[in-house]
Amino acid sequence: MARYILRRVLLALPALLGLVLLTFVLTRVIPADPAATLAGDAATPAQLGEIRARYGLDRPLWEQAVTHVRQVVSGDLGNSIFSGRPVMEEIRFRLPATLELTFVALLLAAGLGIPLGLVAALDHNGPVDHLVRVVSVGGLAIASFWLAIMLQLLFSMEWDLLPLRGRIDVAAGAPAAVTGFFLIDSLLAGRLDQFADALRHLVLPAVTLCLPGLASIARFTRSGVLETLQKDFVLYARAAGYGRVRLAAIYVLRNAVTVTVAQIGLLFGALISGAVAVEAIYDWPGLGTYAVQAILAADYKALLAVTLVVGVVYAVVNVVVDVVQALIDPRVVEQVK
Amino acid sequence: MRPLLSVENLAVRIRTDRGAAEILDDVTLAVPRGGTLGVVGESGCGKSTLLRAILGILPRNAQVPRGAILFEDRDILSDRGASARGRIGFIPQDPYLSLNPVFTAGAQILEGMRRHAPGSRRDHRAKLVDLFRAVQLPDPEAALAKYPHQFSGGQRQRLLIAAALACDPALVVADEPTTALDVTTQREILGLLRRLTAERGLSLLFVTHDFGVLAAVCDRVAVLYAGRVAETGPTRAVLDDPRHPYTRLLLGCHPDRATDLLGIPGTVPAATAQPPGCRFHPRCPIARAGCAAGVPEMQPAGPGHAVACPFQSDILLEPALG
Ligand SMILES: Nc1ncnc2c1ncn2[C@@H]1O[C@H](COP(=O)(O)OP(=O)(O)OP(=O)(O)O)[C@@H](O)[C@H]1O
Ligand SMILES: [Mg+2]
C-alpha cells in the first residue's frame with residue numbers, strides 16, 4: 001500500500017511540472033501587456049521599459065520560463081504585479097476559504113448523493129427513483145448563479161435566516177488562523193459562537209456549489225448499485241441469508257461506490273471552477289474572487305500562482321481519491337503493479 | 001419417514017416482456033434425509049430456477065402460482081422465516097462470480113454465520129478455520145483475511161463449500177458446482193463434496209449437466225425437460241434402463257455418459273411458447289397424435305421409478321438416433 005501511494009504521488013509530479021510550463025506559456029501569450037497595465041495609460045515608453053526591466057519582462061521567453069520554474073520549485077511565486085505583495089501571501093488566506101467551501105460542498109454532495117443514489121436504485125423505476133431522477137436532472141440543469149440568487153432572496157432577504165454574503169460576521173471576527181479553515185480554527189479556539197457563525201455563512205454557498213456534484217454522484221451511485229445488484233455474488237449473499245439492509249448498504253454499496261469515488265476526483269475540478277461563480281455571488285473571499293481580480297488586472301503572476309495552487313490541490317485530491325479507491329477495492333493496488 | 005425436502009406440484013411463473021412463462025410446472029420431487037438427488041436437464045430447462053425457489057431467492061418478476069416446498073416438515077414457500085436459511089447450504093455454479101471481490105473471504109462467510117449460526121464471532125471464526133481445513137484450503141487461518149481474487153478457482157469453490165457448511169445445514173443445494181473448473185479440479189471438488197456430505201450425514205440436491213458426475217454423486221435422479229419432470233428414479237435404474245424418450249435420447253447421444261447433454265434434434269422451446277400437451281412432443285421421435293392433447297401423468301416404471309410418458313417401454317430409438 002505504501003508503495004502504491006508513493007507511486008501515485010510520483011506520477012503526479014510530471015503532470016504538475018507540465019502544468020507550470022503550460023500556464024506560463026498561456027499567460028504570456030495572452031495579448032494584454034502587463035507592463036502597460038501596470039504603468040497606466042499615461043506612461044511614457046521609457047517608463048514602460050523600466051517596468052519591463054524590473055519584472056524581467058524584457059528577457060527572452062524561455063529565460064523567463066526557466067526563472068519561473070526555478071522560483072516555483074523553491075516556493076517563491078513572486079510578487080503580484082498589481083499589488084506588489086508576494087502572491088503566496090495573498091493566496092494563503094484565500095486558499096483555505098475556497099477549500100473549506102469546496103470540501104463542505106463535496107461532503108454534502110457525497111453525503112447526500114450516495115444515499116440518494118442507493119435508495120433510487122433499490123426502488124428501481126418506483127416513485128423514489130423518479131423523484132431522485134427529477135432532483136438530479138434539476139441539479140445539473142439549474143444555473144448556479146440563478147440558484148444562488150434565489151437562495152439569497154428566500155433565506156436571507158425574505159426569511160432572514162442566513163447571512164447574505166461573506167465568510168464570517170465582521171463583528172464576531174475571524175478565529176485565530178491555524179489551519180485557515182474557520183470551522184476548524186473556531187473549534188480549536190473553543191469559540192462555538194464563531195463556529196456557528198462560520199457555519200451559517202457556509203450554508204448557502206455550499207448548497208449552491210454542491211448541487212451539480214450531488215446530482216452526478218447520485219446518478220453514478222444509482223447506476224453502480226443497479227449494476228451490482230445484477231451480480232451473482234448478490235444472489236449468493238441473499239441465499240446465504242444476509243439481511244436486506246446490510247446487503248444493500250454495505251455489501252452492494254461498497255462495490256458500487258468504486259466508480260463514484262473515481263468520479264469524485266474529476267468532480268473536484270468542476271467544483272473548483274464552480275466556486276468562481278459562487279464566490280463572486282456570495283462575496284466569498286476565496287481563490288475564485290482573487291482569480292477574477294487577477295484576470296481583470298492582467299496580473300499574470302497572481303494568475304499563474306492561482307492556477308498552480310489549484311493544480312496542486314487537484315493533484316493531491318486525486319492522489320487521495322486513488323488511495324480511497326484502493327482501500328475500497330483491494331484489486332486496484334494489484335492492477336497497478 | 002418423511003423426506004427432508006419435498007417439492008410438491010411446484011409451478012414458477014416469470015413475467016417477461018413477451019408475456020408470462022411457466023418456467024416450472026407441476027414439479028414434484030423429494031430429497032430423503034441423508035440422500036442425494038440429482039437434477040439433470042438441458043440448459044434453460046429450469047434447474048437453477050428450481051434451486052432459487054428452494055432457497056427463497058426467486059427473481060422479483062417471478063411468482064409461485066401453485067405448489068409447496070416442504071423442508072423439515074414446514075412449508076418454506078409461505079413461511080420464509082430465517083430458520084430455513086442456515087439449514088440449507090448453497091454451493092453456486094460459478095466460484096469466480098459468486099464471491100464479492102471487495103470483501104475478504106472471512107467477512108463474507110461470517111456475515112451469513114452471524115445471522116444464522118449460534119455462538120459468538122470468535123466461535124464462528126474458529127469453526128470456519130476448521131471448515132477451511134476440512135475443505136483442504138492451504139493456510140486456513142490466513143484464508144479468512146484474503147480477498148477472493150487471491151484464490152484460484154478450485155480454492156474458491158472450496159471456500160464456497162466451506163461456506164455452505166458453515167451454519168450446520170441439513171441440506172446442501174449445489175448448482176453445477178464444478179462446471180467452471182478444469183477436469184482434474186472437478187474430480188477433486190466432487191470427491192470432497194461427497195466425502196463431506198457423507199461424513200456429516202447431509203442430504204444433497206445436486207444440479208448437473210453431466211451424467212458421469214450424476215452417477216458418481218447421486219442415489220436418485222430427476223430428469224427435467226422444459227420445466228417439467230420427465231423421469232425420476234434411482235440413478236442406476238434411470239441410467240441403465242431409461243424409459244422416457246427424452247432420457248433415452250440424452251443417454252443415447254452419450255454412450256460414455258460422461259459428456260454434456262447436447263445434440264438432440266430441435267431445441268428447447270422458448271419458455272413463453274411452450275407446446276400444448278407433452279412439452280417434448282415436437283422433438284420426440286415416437287410422438288403420436290394424442291401427445292399434444294393432454295399433459296402426460298407420471299406412471300410407475302419400476303421400484304421408485306416413474307416416467308411422464310404413456311409409451312414408455314420397449315421403444316426402439318436407435319433408428320431415430322441414426
Ligand atoms: N429472471 C428471469 N427473467 C426472465 N426469464 C428468466 C429469469 N430467470 C430464468 N429465466 C428463464 O427461465 C428458464 C430457466 O432458466 P434456468 O436458469 O432455471 O435454467 P437452467 O436449467 O438452470 O439452465 P442452465 O443449465 O443454463 O443453467 C430460461 O428459459 C430462462 O430464460
Ligand atoms: Mg442454471
Side-chain angles (χ1 to χ4, degrees), chain A residues 1 4 114 118 120-126 128-129 221 224-262 321-337, chain B residues 48 51-61 80-105 107-117 145-150 156 159-160 162-167 169 172-175 180:
Chain A
M1 193 66 182
Y4 172 78
I114 291 175
L118 177 65
L122 294 180
D123 186 51
H124 188 33
N125 286 334
V128 180
D129 192 15
T221 308
V225 169
L226 281 179
E227 194 188 314
T228 308
L229 283 174
Q230 302 298 320
K231 303 275 190 195
D232 281 10
F233 60 75
V234 173
L235 197 68
Y236 177 71
R238 280 175 58 205
Y242 285 32
R244 289 177 63 92
V245 174
R246 210 180 162 86
L247 178 63
I250 297 180
Y251 286 83
V252 170
L253 193 60
R254 180 153 163 189
N255 290 274
V257 294
T258 48
V259 182
T260 310
V261 168
V321 162
D322 284 342
V323 172
V324 169
Q325 247 192 320
L327 289 176
I328 294 177
D329 187 344
R331 291 169 301 174
V332 168
V333 178
E334 273 151 58
Q335 277 161 11
V336 170
K337 276 181 187 160
Chain B
S48 298
L51 295 196
R52 291 181 71 170
I54 293 167
L55 291 162
I57 51 170
L58 281 172
R60 261 176 155 194
N61 55 349
R80 181 49 70 185
S83 44
R85 289 291 190 197
R87 302 288 294 155
I88 304 182
F90 173 44
I91 306 175
Q93 174 166 0
D94 193 328
Y96 294 92
L97 300 179
S98 298
L99 287 167
N100 190 327
V102 304
F103 286 90
T104 61
Q108 297 186 54
I109 303 174
L110 289 168
E111 173 62 16
M113 295 176 86
R114 191 179 66 80
R115 290 179 58 93
H116 303 291
K146 283 199 201 167
Y147 288 91
H149 69 270
Q150 296 171 308
R156 287 189 217 192
L159 274 178
L160 291 170
L165 302 177
C167 300
V172 171
V173 164
D175 192 352

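Owing to the predicted nature of the structure, the values given are computational and were not obtained by experimental measurement.
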* Structure fact -> In terms of heavy-atom pairs under 4.5 Å with chain A, the winner among B/Glu111, B/Arg114, B/Arg60 is B/Glu111
Non-hydrogen atoms of chain A under 4.5 Å away: do they reach the side chain of [X], the backbone, both or neither?
{"X": "B/Phe103", "value": "side chain"}
{"X": "B/Ile91", "value": "neither"}
{"X": "B/Gln108", "value": "both"}
{"X": "B/Leu160", "value": "both"}

* Kindly say whether B/Leu99 contributes a backbone atom to a donor-acceptor pair with the side chain of B/Arg156 at under 3.5 angstrom? => no
* State whether the side chain of A/Arg331 and the backbone N or O of B/His149 hold a donor-acceptor pair below 3.5 Å, judged by distance alone. => no
* So which of A/Asp329, A/Thr228, A/Val324 actually passes side-chain contact (heavy atoms from CB on, under 4.5 Å) with A/Thr258? -> A/Asp329
* Asked: Say you draw a straight line from CD of B/Gln93 to OH of A/Tyr236; how long is it, rounded to the nearest 0.5 Å?
  -> 14.0 Å
* Atom CZ of A/Phe233 and atom CG of A/Asn255: how far apart are they, to the nearest 0.5 Å? -> 3.5 Å
* Check each atom of A/Leu235 against the heavy atoms of chain B and say whether the ones under 4.5 Å are side chain, backbone, both or neither. => both
